[in-house]
Protein chains: 2
Amino acid sequence: MARQRSRPVTLTDVARRAGVSVATASKALNARDEVAPETRRRVLQAADDLAFQPNVLARGLLTGRTRTIGLLTDELAGRFSIPILLGVEDALASGQMSVLLCDARGDAIRRQHYIRTLLARQVDGFVVLGDSNDLRPSLTRQIPVPVVYVYGESDDPRDLSVLADDEHGARLATEHLVSLGRRQIAHITGPETYRAARDRAATFRKVLTDAGLPVAGGDPLFGEWSQRWGRHAARTLLTAHPGIDAVFCGNDQIATGVANTVREMGRHVPDDISIVGYDNWHEFASDCQPPLTTVDLNLQQLGETAVHHLFAALDGQPASGVIRQPCRLVVRDSTGPPATPHP
Amino acid sequence: MARQRSRPVTLTDVARRAGVSVATASKALNARDEVAPETRRRVLQAADDLAFQPNVLARGLLTGRTRTIGLLTDELAGRFSIPILLGVEDALASGQMSVLLCDARGDAIRRQHYIRTLLARQVDGFVVLGDSNDLRPSLTRQIPVPVVYVYGESDDPRDLSVLADDEHGARLATEHLVSLGRRQIAHITGPETYRAARDRAATFRKVLTDAGLPVAGGDPLFGEWSQRWGRHAARTLLTAHPGIDAVFCGNDQIATGVANTVREMGRHVPDDISIVGYDNWHEFASDCQPPLTTVDLNLQQLGETAVHHLFAALDGQPASGVIRQPCRLVVRDSTGPPATPHP
DNA sequence: CTGAAAGCGCTTACAG
DNA sequence: CTGAAAGCGCTTACAG
């Protein structure tokens with residue numbers, strides 16, 4: 001670890017070795033066309049020999065562009081952030097850009113501090129990653145460079161927000177169950193304080209109504225995002241309404257709890273009761289007994305989409321409003337046609 | 001989103017407003033003591049009025065320090081990376097440093113590319129975050145600034161690696177079960193190809209031997225890191241060895257699978273069979289039925305420790321070798337004294 | 001096609 | 001205590 005910090009190779013070194021001026025060396029390396037082919041060759045060779053890496057700071061100072069963006073997150077610990085972050089990082093790297101990571105941990109003071117820090121570092125733009133898909137206060141006014149919001153929606157419609165399309169996801173899940181021939185479909189989901197929970201429940205209700213079907217159990221059951229709640233709600237619901245033949249769950253943890261309880265109550269998944277989860281959280285969905293049919297939010301792609309819009313804004317083509325990205329139904333073994341087909 | 005990129009405030013602006021030279025303004029802002037108090041006051045006031053943020057690029061160009069470190073990860077998607085990353089980010093922020101995030105996704109080409117990129121960006125140091133605690137090839141030779149390895153150990157003993165102490169974790173878990181009075185303790189864990197699995201199994205065996213107890217079931221059972229494996233192994237094991245009164249599991253998913261199977265087989269957790277998990281993965285450990293006693297690796301602190309060592313290296317106090325950070329046993333409801341005390 | 005010069009925003013000896 | 005000057009590494013008109 002204690003290696004000497006050797007003096008880095010500069011453009012001056014390259015120019016000297018190639019026998020040209022720094023100006024010419026610069027042009028040759030930047031593929032400008034005012035350089036003789038032979039000269040360019042010598043410069044490139046010299047740069048290669050010396051393993052020259054242009055100092056990005058110096059370039060940034062001149063051009064005003066750092067090819068760096070600030071990624072401002074609220075709660076990286078939440079499991080939605082990681083795939084999005086990976087998508088962001090991947091898309092940025094493809095565009096030769098780097099990402100400075102700042103997690104505000106939901107603390108406003110800290111967030112302000114980070115915004116200042118990132119601006120002092122001359123980032124070219126921001127990606128603001130929400131920790132839930134509720135509305136969040138716009139930060140754009142304080143930020144003089146392009147900003148894209150992802151996963152969490154900005155409350156200012158002049159901003160651009162790139163969101164997962166929860167209505168689409170809920171529609172995919174519900175229509176899947178309906179098309180399998182399920183007729184008494186219940187919905188067990190997370191806290192009603194979450195916009196995601198409300199939006200999905202509303203779509204669930206609408207799809208059933210349009211299909212002429214009731215909401216089994218009377219109303220969607222709001223609770224928490226846990227297996228525990230899934231177990232509890234399933235037991236209550238199935239005891240009171242033994243005719244239920246499918247449950248659409250607000251996430252894969254709830255679905256896992258429901259599946260375990262259904263089995264414990266001596267009913268079969270998927271024949272007696274089909275179950276759809278939400279999130280495609282691998283450790284839960286794939287490892288459930290049986291593996292869960294679930295909705296994948298395409299989170300990584302969400303991050304990529306956000307970055308592409310940021311690139312557009314950096315190129316002077318800013319957008320605004322809300323972009324909703326479709327979800328994807330992943331069919332596994334927790335859903336199937338009813339054991340006894342309906343008449 | 002389409003705000004104009006207004007010309008940023010520079011030190012020159014501040015100096016002009018305060019009626020001093022840029023040199024004096026610089027000294028005043030950097031709290032050097034060769035400035036008259038009244039002058040300093042005026043400069044600070046002017047900077048405040050203009051919301052001046054020094055351009056970090058310019059400063060970096062001069063000082064050769066960017067107050068930025070490169071965080072090189074192999075597989076951010078793995079769940080161990082996030083807490084460590086949060087610890088790293090937090091500790092860096094406390095030291096007024098920022099982190100450039102680069103996830104190589106286990107691809108060597110990509111990793112090389114990122115190393116070059118980060119060096120071109122003049123990072124002051126690297127944190128290399130391994131995706132498993134197996135040995136990994138040292139990157140230090142290619143990197144002219146301090147490097148600290150975290151979670152995954154470098155194969156070069158001259159490097160510094162900051163690791164979770166798996167032997168300690170396994171010891172905590174096993175001794176806990178022994179001290180509760182458990183006498184037939186089995187171990188169900190992940191693939192033997194994982195160093196973590198081997199190390200923990202070895203310690204498990206050693207602690208039992210030292211206590212004069214057998215390894216129940218004959219040998220630790222290596223399999224995979226899933227609930228599925230936990231279910232399967234538990235059924236096999238408990239059928240063949242009905243006297244088993246405790247299971248130490250290689251992670252919380254396995255433990256969850258084991259707990260579910262034990263219940264399905266009509267045995268009680270923790271009275272008949274106590275279960276210890278590993279990782280303290282909240283969504284599994286807290287939400288298991290019953291909640292799991294488990295080992296917490298203190299991952300966030302691992303990241304913080306790594307950064308503190310990086311700071312030391314940046315201050316000219318590099319270390320080398322391996323630092324193992326203790327684990328912590330989190331006791332919940334899946335462990336307790338035997339229903340029928342041993343004689 | 002090539003190179004000397006200016007300049008990005010800042011810091012730091014150095015002279016006054 | 002203050003400020004003019006040099007310089008970090010690079011790019012870009014501009015002159016030759």
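Chain naming here is simple, since letters A, B, ... match the order of the sequence lines and numbering starts at 1 in each.
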Check the phosphate of [N] against [X], side-chain N and O only, distance under 4.0 Å to OP1 or OP2. Yes or no?
| X | N | value |
| --- | --- | --- |
| B/T12 | C/dC10 | no |
| B/T39 | D/dT2 | yes |
| A/N55 | D/dC8 | no |
| B/R59 | C/dC10 | no |

Interatomic distance where [atom1] belongs to [X] and [atom2] belongs to [N] [whole Å]:
| X | N | atom1 | atom2 | answer |
| --- | --- | --- | --- | --- |
| B/L11 | C/dT12 | CG | P | 12 Å |
| A/L29 | D/dT11 | CG | P | 8 Å |
| A/R16 | C/dA4 | CZ | C1' | 17 Å |
| B/F52 | C/dC10 | CZ | P | 4 Å |
| B/Q53 | C/dC8 | CD | P | 20 Å |
| A/L57 | C/dT11 | CG | P | 13 Å |
| B/L61 | C/dT12 | CG | P | 13 Å |
| B/R65 | C/dT12 | CZ | C1' | 17 Å |

**Request:** Spell out, as yes or no, whether a donor-acceptor pair under 3.5 Å connects the side chain of A/Q325 to the backbone of A/V162.
**Result:**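 No: the side chain of A/Q325 does not pair with the backbone of A/V162.
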
**Asked** Which nucleotide, in any strand shown, forms a Watson-Crick or G-U wobble pair with C/dA13, with both distances under 3.5 Å?
**Response** none

**Prompt:** Is C/dA4 paired to anything, Watson-Crick or G-U wobble with both distances less than 3.5 Å, and if yes, which nucleotide?
**Reply:**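 Matched C/dA4 with nothing under the 3.5 Å cut-off.
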
Could you check which of [options] has an atom nearest any side-chain atom of [X]?
| X | options | value |
| --- | --- | --- |
| A/A58 | C/dT2, D/dC10, C/dT12 | D/dC10 |
| B/A23 | C/dT12, C/dT2, D/dC10 | C/dT12 |
| B/S21 | D/dC10, C/dT2, D/dA4 | D/dA4 |
| A/T10 | D/dG9, C/dG3, C/dG9 | D/dG9 |
| A/S26 | D/dT11, C/dA13, C/dG3 | D/dT11 |
| B/L62 | C/dG7, D/dT12, D/dC8 | D/dC8 |

Have a look at [X] and say if it touches a base, only the backbone sugar-phosphate, or nothing, with a 4.0 Å heavy-atom cut-off.
| X | answer |
| --- | --- |
| B/T63 | nothing |
| A/A36 | sugar-phosphate |
| B/T24 | base |

**Asked** Within a reach of under 6.0 Å around NE2 of A/H113, are more than 12 heavy atoms found that belong to other residues, nucleotides or ligands?
**Response**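 Yes.
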
**Item:** Audit row: B/F52, B/L11, side-chain contact (heavy atoms from CB on, under 4.5 Å) steps and yes/no
**Value:** CA-CA 7 Å; B/F52 171 66; B/L11 186 60; 4.0 Å; yes

Rounded distance [0.5 Å steps], [atom1] in [X] versus [atom2] in [Y]:
| X | Y | atom1 | atom2 | answer |
| --- | --- | --- | --- | --- |
| B/L139 | B/L72 | CG | CG | 6.5 Å |
| A/D74 | A/D103 | CG | CG | 7.5 Å |
| A/C102 | B/L101 | SG | CG | 11.0 Å |

**Prompt:** Pick the nucleotide of DNA chain C nearest each of A/V35 and B/V56; which residue has the one closer to the 5' end?
**Reply:** A/V35

